[in-house]
J.: 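If you scroll down you'll find the structure; I have some questions about it.
The analysis underlying the following values was restricted to heavy atoms, covering all of them including side chains, and did not include hydrogens, waters or symmetry mates.
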Amino acid sequence: MVRNTRSVNKGDHLAADTGTSGNSLRDHRNSPGTILGRVLAFLICLWIAWCTSVGPIYRHSGSMAEFGWQNALILLLTLAVCLGLVALVRHLLYGGESPLSMLRRSDGAIGRAIRTLRDSLSERKRLRSAGRAYRSFIMRQTRGWKPIMRLLVIGWSWALVTLLAAYGADIYAQIAECTNWILQLRGDLPQYGGNAFTQMDIYPIGHYLWPSEPTFLTDQHNLVLTFFYGMTALTSQRLTGSYDPGIVLLAGLQLVFGAFCCSVTANRFFTGGYPDDSGCHMTTAVAEPGAYRSGPLARTLVILFFLVCPFNVFSSISLTKSPLFAFSFVWWFGIWYQAIRQDGSGNHPFASPRTLVGLAVSTLIMLISAKYGIYIVIAQIVLALIMHRRYWKTYLICLLLPAMAFTALVSGLEGAGYVIKGDPIESKSIQLQQVARVARVDPSGIDSQTRQDLDPILDLDSAASNYTPWEADRVKSSGNQPKLIVYKWRTVTDDQMKKFNKAWLNLAKGHAVPYLDALMAECYGYFDVNDSAYVAMSYYLNNSYVQESSAWIQYWCRDWRNGVTGVARTWASIPVLGWIAQGNFWVVLALILIAAWLSAGRWRHLLEFLPLLLIMGVMVTAPANNFERHMLPVAMIVPFLILAMSCERRHVLAGANQDDCSPNREGTRRS
């Protein structure tokens, strides 16, 4: 037995949560960190309530000016529910008895009924035998990442076998880029510039960003991913005469990768952050061996979440870049959980070469799959250097180095004229929506100077007629021809684009309501469980690209494909019961769990939930409202957040430090 001499971080934790004096508990509750956390928790709940209350307005293309007593009532009721849930979670986390336990112990009719039911079930030998057999089965099938991965691969295989793949316009755009690039290498240059319509005009990318020498590869959908997807499809065409086998191969590879990411992360959370330490249990004096591993019920629910929830199943074969980012983020998130739990326990959280490689590779795949990944990685580096700076070498090697290498590669190719950079207009969705809304509701309110600055960039008349509250692509002039030109990508110059932000700010004066309307109409659905997805993951199963443009995929189980899509949409449309099948339900649940942590003053968890909050910020600025694929990283993480909180609750109840599987200051850890 080796005594653990680790001291408790007094600035972050309540020393021995279940054994402190009343004064210590009172001081902790009144500490500045706890007060700030509760303020932030209240603001989170207020945001959810606000989005829910304005939902009925924007679902009918209304305006904030229509906000009435009914909306105020929805706001207050939703706020009360959210605050109640936060208080309940906090109560359960830090030593409170669960409502079920209280009912079971009570002398009332409900308590007696529960005890009677429990006793009657325990007397049935067949049920007891079946229960023991199932417990043994599920624990055996989830002991280690390989058995978990086997479950996921088998459970998702029906989607790959019967649906083959799910995709949209992006993969065809990536194939077109690679096709033109190969033609360029052969000297058979396609038309470039002028009145010729190219792939870069479909996105569109402003001509002022195009190099003078013809080039057709872009960073619009991330260069590396475009090259990998496009070249795989073109190789398939060369070998088989069709893109379809290559697309199916890509879908199969993503299914295996997704199963791997979810399985290694599930294993980390099932074992309290010690996936490679089978002896990570509390001593007999503190808790029974195995008490800090998730039980069969928790493991069953997590596996069912990934095998049954439609957006998880469809993501396994969906080639729309967001699922790839989501799976790599799940892997990345699990590594951080393990590192945080093992920090200070006598183990080096990044000692394992597998952990280091996993952190670096998952970081790189996040960067490859989604452009906003760079902001999440940089923010995590800064926060980690502040909170866990003794591992700074690890952060530099596994986080900063991949980020710098990837950024340098893409920037170098863009600077040399080999790749066209993505148009910065893509990051201005909310601003474009606000300008377009003002152009529609109050065109005479645009002063001459603002109109003069905006005119070379946007056709304001077209913006007014093309404005769609829940989607910015039409204002960005995205999509195939024919389309109404709003963003003047052919003629706008770099100098003219530099005036956009100033003109946007000037237009905000006197147009606060239209600006707020444009913002909320573009993002409220991500945080309103009553709102149906504008584009659900089921869309990618049977859209025109799959059912009409494919060579033979469209004929493979065509009716089954339509039936699966219909079942998923029907389930999601059921009130309350359909919430489980919607991404925004899991986003709201994640916010409530984060609010519970904040309200308890547990700032040490910031390394875990800050990336989730940053991804939610990306949702707000996304080009469409309630676009389900943007919610995947957060939705997939929620079951693991619940497991982490369950583990923390057990630590608190056992009187142990809540960050890892080590005992409290008086305990010892088996070695």
Side-chain angles (χ1 to χ4, degrees), residues 159-160 163-185 190 198-200 202-203 205 215-261 314-329 361-362 364-373 406 409-410 413-414 418-422 426 478 480 535 537 539-541 543-547 549-554 629-630 632-633:
L160 180 63
L163 303 174
L164 299 181
Y167 53 90
D170 286 359
I171 194 166
Y172 282 110
Q174 292 166 318
I175 293 171
E177 285 189 32
C178 291
T179 299
N180 289 334
W181 179 70
I182 291 176
L183 290 175
Q184 182 187 29
L185 291 180
T198 67
Q199 183 60 45
M200 294 87 78
I202 295 177
Y203 291 140
I205 298 177
T215 184
F216 296 91
L217 282 179
T218 79
D219 193 39
Q220 186 76 5
H221 292 121
N222 281 354
L223 173 65
V224 177
L225 195 63
T226 292
F227 197 79
F228 179 63
Y229 281 3
M231 295 307 294
T232 300
L234 290 179
T235 302
S236 171
Q237 184 188 43
R238 183 179 181 85
L239 296 176
T240 69
S242 168
Y243 300 139
D244 291 14
I247 291 175
V248 175
L249 173 63
L250 290 171
L253 291 175
Q254 179 159 298
L255 185 147
V256 173
F257 176 72
F260 167 78
C261 293
F314 301 154
S315 294
S316 67
I317 59 170
S318 182
L319 305 175
T320 57
K321 75 185 177 184
S322 294
L324 181 62
F325 176 83
F327 287 130
S328 57
F329 178 80
V361 173
S362 59
L364 189 59
I365 297 177
M366 285 169 57
L367 297 174
I368 289 173
S369 54
K371 291 183 180 180
Y372 59 79
F406 178 77
L409 171 66
V410 176
L413 291 173
E414 290 174 350
Y418 296 119
V419 175
I420 301 175
K421 67 184 298 184
E426 291 292 327
S478 298
N480 293 318
V535 177
M537 289 306 298
Y539 161 79
Y540 298 100
L541 292 180
N543 55 62
S544 60
Y545 300 100
V546 177
Q547 298 287 65
S549 300
S550 59
W552 52 264
I553 289 178
Q554 59 177 306
R629 66 184 177 93
H630 295 305
L632 293 176

J.: Can you name the residues that form a side chain to side chain contact (heavy atoms under 4.5 Å, CB included) with Ser242, not counting sequence neighbours?
T.: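 Scan of Ser242 (side chain to side chain contact (heavy atoms under 4.5 Å, CB included), adjacent residues dropped) gives Thr240, Asp244, Pro245, Ala551, Trp552.
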J.: Going by side chain to side chain contact (heavy atoms under 4.5 Å, CB included), name the residues that satisfy it together with Ala326, two or more places apart in sequence or in a different chain.
T.: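 By the side chain to side chain contact (heavy atoms under 4.5 Å, CB included) rule, Ala326 matches Leu632, Pro633, Met636.
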J.: For Tyr229, check ring pair (Phe, Tyr, Trp, His ring centres under 6.0 Å) against everything at least two apart and list the hits.
T.: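 Applying ring pair (Phe, Tyr, Trp, His ring centres under 6.0 Å) to Tyr229 gives none.
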J.: How about Leu319 and Tyr540: do any of their side-chain heavy atoms sit closer than 4.5 Å?
T.: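 Leu319 does not reach Tyr540 side chain to side chain.
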J.: Which residues satisfy the side chain to side chain contact (heavy atoms under 4.5 Å, CB included) test with Ala173, sequence neighbours excluded?
T.: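 Partners of Ala173 by the side chain to side chain contact (heavy atoms under 4.5 Å, CB included) criterion, ordered by chain and then number, come out as Gln199, Tyr203, His221.
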J.: In chain order, what residues pass the side chain to side chain donor-acceptor pair (under 3.5 Å) check against Ser316, with sequence neighbours excluded?
T.: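 Partners of Ser316 by the side chain to side chain donor-acceptor pair (under 3.5 Å) criterion come out as none, since no residue qualifies.
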J.: Report the residue from Glu414, Lys421, Glu177 that forms a side chain to side chain donor-acceptor pair (under 3.5 Å) with Thr218.
T.: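 The single option meeting the side chain to side chain donor-acceptor pair (under 3.5 Å) with Thr218 is Glu177.
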J.: State whether the number of non-hydrogen atoms from other residues, nucleotides or ligands found under 6.0 Å of Lys371 atom NZ is greater than 12.
T.: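 Buried by this count: over 12 neighbours within 6.0 Å.
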J.: Do Met537 and Pro323 come close enough that some side-chain heavy atom pair is under 4.5 Å?
T.: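 Heavy-atom side-chain distance check passes, below 4.5 Å.
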J.: Are side-chain heavy atoms of Tyr172 and Ser549 found at a separation under 4.5 Å?
T.: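 Counting from C-beta outward, Tyr172 and Ser549 do come under 4.5 Å.
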J.: Among residues at least two apart in sequence or on other chains, which ones pass ring pair (Phe, Tyr, Trp, His ring centres under 6.0 Å) with Phe227?
T.: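 Partners of Phe227 by the ring pair (Phe, Tyr, Trp, His ring centres under 6.0 Å) criterion, ordered by chain and then number, come out as Trp181.
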J.: Strictly by ring-ring contact (aromatic ring centres under 6.0 Å, His included), give each pair with a member in residues 235-260 just once, sequence neighbours left out.
T.: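 Qualifying pairs, neighbours excluded: Trp145-Phe260, Phe260-Trp331.
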J.: Could you list the residues that satisfy side chain to side chain donor-acceptor pair (under 3.5 Å) with Glu426, not counting sequence neighbours?
T.: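 Checked Glu426 against side chain to side chain donor-acceptor pair (under 3.5 Å); matches are Gln220, Lys476.
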J.: Restricting to ring pair (Phe, Tyr, Trp, His ring centres under 6.0 Å), what partner residues turn up for Tyr372, sequence neighbours left out?
T.: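 Tyr372: ring pair (Phe, Tyr, Trp, His ring centres under 6.0 Å) contacts with Phe325.
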J.: Report the residues that fulfil side chain to side chain donor-acceptor pair (under 3.5 Å) with Asp219, sequence neighbours left out, ordered by chain and then residue number.
T.: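 Here no residue qualifies.
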J.: Could I get the full list of side chain to side chain donor-acceptor pair (under 3.5 Å) partners for Tyr167, not counting sequence neighbours?
T.: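 Per chain and number, Tyr167 pairs via side chain to side chain donor-acceptor pair (under 3.5 Å) with no residue.
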